[in-house]
Amino acid sequence: MGEVKTPRQWFLWSIALIYVCAFASIYVQIPGLYGDEGILPVRLQMPKEQRPLLEQESLLYLGPSLGLAPQQTLELMCLLGVALGLGAVLLEPLRDSLIYLCLQALYLSLYNVGGDFLHSKWDVLLLEAGVLAVLVAPLGLLRRHSSYSYHDPVSFWLTRWLFFRLTFCTGVSKLASGDPTWYDLSALSHHLENQMNPTLLAWYVHQLPDWLLRLGAVVVLQSEITVPLVTFFAPIRRLRLFGFYVQLFLQLCYILTGNCSLLNLLSITLSFSLLDDDHFNSNSGPKKKVILTLHFLHRLLHQINLLNQQPYIRHDLWTSLVQFRHFYQPFYASKCVYMCVGVSSQVPYTSMAGMSVSKVLPAVRDAYRAVERYQLVGAYGIQHRLISAEGRPEIILEGSYDGLTWTEMNPMYKPGNVNAVPPIVGPHQPRLEWLMWQAAQGGDDTSPWFTGLIQRLLQGKPEVVSLLQVDEAQYPFSQRPPALIKAKLYNYHFTDPNWWRRQYKKDFFPIVNLDDPTLKKLLEESGLKEKFPVQPGSDTPVSQVLSLIRGHVKGLSGSLVLSTLLATLAGIFLIKAVFSWALGSRKPRPASADHKPRKPKEPSEMAEKSQAPATSNRGSKKDSNEKKYSERSPRKRK
């Protein structure tokens, strides 16, 4: 395998961009999800007693020391994540290991206090990919010299291992779960309408002939099972390139039919590990490939020699990992994390093979438990969601003033009105709609977040209402909150000529009001019962800045905020490209071989010539004129 400098840069740049999208998407939804008037107020999770910094599970608990309320602390964390991510996207020197470590710490802090809203598959994947970015990125900001050198070349191989686990286990779980739709090859037809956010193109693809959709199901299974096994770790470079383009095509199909989610962007980012610099440089010849191969073999033999000289590594591997922690060199640190992550990543998949975790080697099990709290290793494809052949289940909320006339509260980002066109959502991740989609699949109506949602809608809290509808004209209870709320479950299907058709399935949540004993009991069991009044936060300069930024974003949808942010980034890169082109066109053309510029004389040479006798000067001048005349002659130029 050749050098991977360019794929590594693509990987780091993409991870930074995904961090920007993730932090910005969460920031827009913080007041409705975690605010004082939100669904799950984060202030209820604050500990009564302060603990040392190293014992904290989240940076949220440092908010009181800064004079910030819990909601503003979350907002500050998201804004810092957006700022650091933008810096890494725009400036190459900021794609440093220290920057990615800060991004990882910020997102892990949000994950630990985010509850069900932030425990999605793409959140876990982003945390693990963020750890790999810390290992892959160079460490240069803390060094005195501007040395932009990467960590050891083995670290980037971890991204390919993660990509293999993600793709292969996702494909295997489709068959291991016993899902009948994948065995009769009808899964793709049902998946198009059952996915979280189907697009307009998904409706048209659903109208294709049945035999073509069944063929597409075969292509998906082969792309996720056979292709990773054959191509991801193949010694033949063309096979790896084939695997890359197959996965890229598959993810683009997912994006076009199911919106652009962070999971798709992360999959494309990890697929860069299948590339090398030779793919971007067609001028590399066999000589360069031989040199790179010899260099790799030399490094490998050197590492084996080091292991042979240190027998304690072979005697007890895990003891050596503990001893290596005293070294501060990034090389050894990345090696330890590489071995720890690589081995412990196999533990979660023992359930797929019908094994018990107790049968795993104790050293491996202990290593997995040590890194589990930091989300260094994730499990993908273990809990496969069966595709329903009865249609897409959806929870529809209805409100009423008198209990006789009921009006639906249709959300922005998921099916409600059968005549509504499927929306464009990505890369924004609407957390409430995602949990409602999950709850409709599982039929669970006792979750704390759903109880909190019903309570806030009955109270008419605008922060929560904005999660469903930003446009007040689209929300039927914008003037006065409903007195009664209930929820029903429908099955939706793509149809023609309308976009959707639906049929009633069952009641999902009973009719309740604010004084209903059932609702009060559920709030008490969920820990959402208000026991103390909300304490006003201190008016610090940081708090004022956060309030000012929140005022500008208020009333905007998450998809609009992210689209504006990405459009701004695209404009910056376009301006940079135009300036580079303009400055490049003004550069003087290089002199031809026939008319090379004369090298300026050194001061020492000028002094020696000034001290030479006059006769020597005349001779030198004559020789110089003859040489100049000979260079201008046509024969000399030929």
Side-chain angles (χ1 to χ4, degrees), residues 1-18 92 95 125 128-129 132-133 135-137 150-172 174 215-257 260-297 299-300 338 342 345 380-381:
M1 183 177 177
E3 294 288 340
V4 290
K5 293 181 180 179
T6 303
R8 194 180 341 226
Q9 278 294 328
W10 282 29
F11 169 76
L12 295 175
W13 184 88
S14 301
I15 288 292
L17 182 62
I18 293 173
E92 183 176 348
R95 295 172 205 155
L125 182 60
E128 187 171 356
L132 298 183
L135 296 178
V136 171
Y150 292 95
H151 291 180
D152 61 282
V154 185
S155 300
F156 192 59
W157 184 88
L158 281 174
T159 60
R160 189 185 303 183
W161 171 239
L162 174 58
F163 187 44
F164 174 80
R165 286 165 43 214
L166 172 67
T167 308
F168 180 73
C169 294
T170 301
V172 169
K174 291 180 172 62
L215 179 61
V218 175
V219 173
V220 170
L221 290 176
Q222 296 298 323
S223 301
E224 293 181 347
I225 299 177
T226 306
V227 172
L229 280 174
V230 175
T231 64
F232 280 18
F233 302 102
I236 303 175
R237 176 173 170 270
R238 292 186 181 274
L239 284 179
R240 298 195 301 270
L241 294 180
F242 173 76
F244 166 77
Y245 283 108
V246 168
Q247 300 304 321
L248 180 62
F249 173 76
L250 184 64
Q251 295 302 323
L252 290 178
C253 291
Y254 286 154
I255 291 174
L256 293 176
T257 59
C260 179
S261 69
L262 296 182
L263 182 61
N264 304 127
L265 295 179
L266 284 168
S267 299
I268 295 176
T269 300
L270 294 174
S271 67
F272 294 152
S273 60
L274 300 175
L275 303 177
D276 53 25
D277 289 349
D278 293 341
H279 184 62
F280 305 96
N281 184 14
S282 59
N283 298 325
S284 60
K287 182 179 179 180
K288 180 179 178 181
K289 296 180 180 179
V290 171
I291 294 176
L292 293 176
T293 304
L294 294 177
H295 177 69
F296 174 76
L297 292 177
R299 295 288 298 272
L300 181 62
Y338 161 73
S345 62
Y380 313 101

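This one's a predicted model, so the numbers in the text were calculated from it and none came from an experiment.
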Nearest atoms (heavy-atom pairs only) where [X] meets [Y]:
{"X": "Ser223", "Y": "Val246", "value": "OG-CG1, 3.6 Å"}
{"X": "Gly243", "Y": "Thr231", "value": "CA-OG1, 3.5 Å"}
{"X": "Leu166", "Y": "Ser267", "value": "CD2-OG, 3.5 Å"}
{"X": "Phe272", "Y": "Phe11", "value": "CD1-N, 3.9 Å"}

With a 4.5 Å limit on heavy-atom distance, are the side chains of [X] and [Y] in contact?
{"X": "Ile268", "Y": "Ile255", "value": "yes"}
{"X": "Tyr254", "Y": "Val220", "value": "yes"}
{"X": "Phe168", "Y": "Phe232", "value": "no"}
{"X": "Phe163", "Y": "Pro228", "value": "no"}
{"X": "Phe156", "Y": "Thr159", "value": "yes"}
{"X": "Pro7", "Y": "Asp277", "value": "yes"}

Candidate pair Ser14 and Leu265, rule side chain to side chain contact (heavy atoms under 4.5 Å, CB included), full reasoning: CA-CA 8 Å; Ser14 301; Leu265 295 179; over 6 Å; no

Side chain to side chain contact (heavy atoms under 4.5 Å, CB included) evaluation trace for Leu250 with Val219: CA-CA 9 Å; Leu250 184 64; Val219 173; 5.9 Å; no

If I take atom [atom1] from residue [X] and atom [atom2] from residue [Y], how far apart are they, to the nearest 0.5 angstrom?
{"X": "Arg237", "Y": "Asp278", "atom1": "CZ", "atom2": "CG", "result": "5.0 Å"}
{"X": "Leu275", "Y": "Arg8", "atom1": "CG", "atom2": "CZ", "result": "13.5 Å"}
{"X": "Ile18", "Y": "Leu263", "atom1": "CD1", "atom2": "CG", "result": "10.0 Å"}
{"X": "Ile15", "Y": "Arg95", "atom1": "CD1", "atom2": "CZ", "result": "12.5 Å"}
{"X": "Leu125", "Y": "Leu262", "atom1": "CG", "atom2": "CG", "result": "9.5 Å"}
{"X": "Lys5", "Y": "Asp276", "atom1": "NZ", "atom2": "CG", "result": "13.5 Å"}

Parallel, tilted or perpendicular, as decided by the 30° and 60° cut-offs, for the rings of His279 and Phe244: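 Taking His279 first and then Phe244, their aromatic rings stand perpendicular (interplane angle over 60°).
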
Exam field: side chain Asn264 to backbone Gln251, donor-acceptor pair closer than 3.5 Å: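 Checked: no pair found.
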
Donor-acceptor under 3.5 Å (Glu224 side chain, Val172 main chain):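 No; judged by distance alone, with no hydrogens or angles, the pair does not exist.
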
is_close_aromatic(Trp10, Phe280), centroid dist under 6.0 Å: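 Distance test on ring centres: under 6.0 Å, yes.
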
